[in-house]
Amino acid sequence: MDVTEQLQALKDKYKSVEVEVPVPFEFDLGNLTAFDSNGLDERRIKNETNNYLKDLARDGTQLLLNQIFALPTKSSTDGVFAELPEPTTVLPRAKPLPKPKLQTRWEKFAKAKGIQKRKKGRMVYDEQADDYKPRWGYNRANDNQDDWIIEVPDTADPMEDQYEKRRDEKKERVEKNKKQARRNLEERSAVEAGKNPKEVRKAQLEKAIVESKTSTASLGRFDKKLQNEDVVKIKRSKRKFEATTIDASKEAESAMNIAKKVLKAGDSKVINVSKAVKQVAGQASAEMLGHKGKKRKSK
Amino acid sequence: MRPLTEEETKIFFEKLSKYIGRNIVHLVDRQDEPYCFRLHRDRVYYVSEAIMRRSVSIGRDNLLSLGVCFGKFTKTLKFRLHITALDYLAQYAKYKVWVKPNGEMPFLYGNHILKAHLGRITEDTPEHQGVIIYSMSDVPLGFGVTARSTGDARKLDPTAIIVFHQADVGEFLRDEDSLT
């Protein structure tokens, strides 16, 4: 039996895996791409555009797959995988670059003075504990807040509580830091909104002054005036009511509209359950009676 | 004196509709003569337009009352019906309660209505519904709010409260000086 004929027939069914192109393709296997730099056949693209493009695509894909099959493989339980090399083509970003964050006051100052950031270790040696402890936070190293004894300085008031003083100083430092952070945030948000931070702050203060001046029982009428205090005129919208004597028909119409609204809202809300139950029960009994009546009539 | 704002009208009508339901329409749209609601010193007055126009000439401090006082707005902008509104409420009442003669006096002294004093009640009255109280001879005595629905009320013992007292005509004597 000659199987060569059959094999040849089977082969002819599919196109050859070998594709011949005048200029070899360039491949970027990391991105699974092939670049074809051959010229187009103008006659074919005019006469049989679709078929020509399909052929081109097929050939390109065949070449790409040939390359992929030539790569080293790795087999796992899920199947055999080709190991792709690193991509060589640089792809553009999908999103624009993030805008640089606005510098805080300290960062600006440090840049002007040429102060560099130095990396500090997290753990610090604590002499008293003879151990490494965190630089800051809970159980920090060299914490002077709970010293068991504190020397009173010569110049200090002997009755002053040195512990309290230290506590207060620390509180102040924390408070100051928070204030500066807040100020940085405000300035940043103002700049991002395209405003001058100083102007924003000024407007805020002026508003606060007006608010505080009108927050007394007399709306500031009897407050003590400072020397050379600016006279701030406060404009508030006045309450407005309809005139006492308006056209009766107009008034009745508006009242009627409101009444309808109120009644409509009430209708949708309330369902008288007992009434509804009774109605259903009544209908059922009426039907039964109706049946009996018919029977009698038929008799 | 001024007309009610939209919000005030809404609150006022919501309260009224608890007692007379859809009949508030008849108060607004009257066939005989145009009537209107006016607010004066937190009180809402129901007054014919002719009288209202005449009373404009009286100063705010001097004007005591005009038309019929329906009730007043509290400082938290809730509306309280007064007994003076009874004429209109009784006329358009949706749910009614009749009290027996022996229950009239206790109610007129400001007490709630007990089951024992209940003469008749409108069928299918729901719970917490505004109702108008009548004597057995159909004389309006006041108004209140039902404590139980008609169905539930049947099973109660005679000392149980059926209607919570809100206002009664006894107030015309008891609160003579503050009613307007």
Side-chain angles (χ1 to χ4, degrees), chain A residues 211-212 214-222 234-290 292-293, chain B residues 1-18 20-30 33-40 46-58 60 63 66 94-95 122-129 148-154:
Chain A
E211 289 297 332
S212 69
T214 51
S215 296
T216 58
S218 65
L219 299 179
R221 197 175 304 170
F222 300 115
I234 301 130
K235 281 178 199 160
R236 296 219 186 266
S237 59
K238 282 192 176 174
R239 291 194 303 172
K240 268 181 194 156
F241 298 117
E242 295 280 338
T244 312
T245 52
I246 19 174
D247 186 17
S249 61
K250 239 184 229 171
E251 194 186 344
E253 197 190 310
S254 68
M256 189 62 94
N257 282 337
I258 296 169
K260 273 177 191 161
K261 248 186 237 168
V262 168
L263 291 172
K264 208 176 173 189
D267 280 349
S268 59
K269 238 188 288 177
V270 181
I271 296 176
N272 192 336
V273 177
S274 61
K275 199 172 179 179
V277 168
K278 257 186 199 171
Q279 249 175 16
V280 174
Q283 273 174 4
S285 64
E287 268 174 29
M288 278 175 70
L289 283 172
K292 275 179 190 171
Chain B
M1 183 175 61
R2 63 168 173 84
L4 277 67
T5 63
E6 195 165 315
E7 196 196 356
E8 285 165 347
T9 317
K10 194 172 153 250
I11 294 163
F12 173 51
F13 281 172
E14 266 166 7
K15 180 51 82 73
L16 267 188
S17 69
K18 281 179 185 150
I20 60 176
R22 309 207 132 265
N23 292 326
I24 44 176
V25 174
H26 298 301
L27 287 179
V28 177
D29 190 19
R30 277 174 71 130
E33 204 185 337
Y35 266 67
C36 56
F37 293 104
R38 282 289 177 275
L39 190 87
H40 178 60
Y46 185 54
V47 57
S48 85
E49 217 214 339
I51 294 177
M52 184 272 289
R53 280 182 187 281
R54 286 193 181 103
S55 62
V56 168
S57 55
I58 301 170
R60 189 186 296 172
L63 184 64
L66 73 159
K94 204 173 166 197
Y95 293 100
T122 312
E123 195 96 335
D124 304 323
T125 311
E127 207 176 7
H128 309 313
Q129 167 69 43
R148 302 297 172 100
S149 65
T150 312
D152 292 347
R154 291 208 182 95

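Below, read A as the first sequence line, B as the second, and so on, with proteins coming before strands; counting in each chain starts at 1. Computed from a predicted structure; not experimentally measured. These values consider heavy atoms only, across backbone and side chains, with no hydrogens, waters or symmetry-generated copies.
- If you measure heavy-atom distances from B:M52 to chain A, the contacts under 4.5 Å come from the side chain alone.
- Residue contact with chain A, scored on non-hydrogen atoms closer than 4.5 Å, involves the backbone and the side chain of B:T9 alike.
- Remark: the backbone N or O of B:M1 is paired with a side-chain donor or acceptor of A:T244 at under 3.5 angstrom.
- With a 4.5 Å cut-off on non-hydrogen atoms, B:V56 touches chain A through its side chain but not through its backbone.
- Interatomic distance, CD of B:E7 versus CD1 of A:I258, reported as 10.5 Å (0.5 Å rounding).
- There is no contact between B:E127 and chain A, counting heavy-atom distances below 4.5 Å.
- Ranking A:E251, A:K260, A:E253 against chain B, the residue ahead of the rest is A:E251, based on heavy-atom pairs under 4.5 Å.
- Only the side chain of B:R38 comes within less than 4.5 Å of a heavy atom in chain A; its backbone stays farther off.
- Applying the ring pair (Phe, Tyr, Trp, His ring centres under 6.0 Å) criterion to B:Y35, with sequence neighbours excluded, gives B:Y46.
- With a 4.5 Å cut-off on non-hydrogen atoms, A:E242 touches chain B through its backbone and its side chain both.
- To the nearest 0.5 Å, atoms CD1 (A:I246) and CZ (B:R2) are separated by 11.5 Å.
- Of the residues considered (B:E123, B:K18, B:E6, B:R22), B:R22 shows the highest number of contacts with chain A, using heavy-atom pairs under 4.5 Å.
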Under the side-chain contact (heavy atoms from CB on, under 4.5 Å) criterion, do A:V262 and B:L16 qualify, and how do the steps go? CA-CA 10 Å; A:V262 168; B:L16 267 188; over 6 Å; no
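- Contacts of B:H128 classified as ring pair (Phe, Tyr, Trp, His ring centres under 6.0 Å), with partners at least two apart in sequence or in another chain: none.
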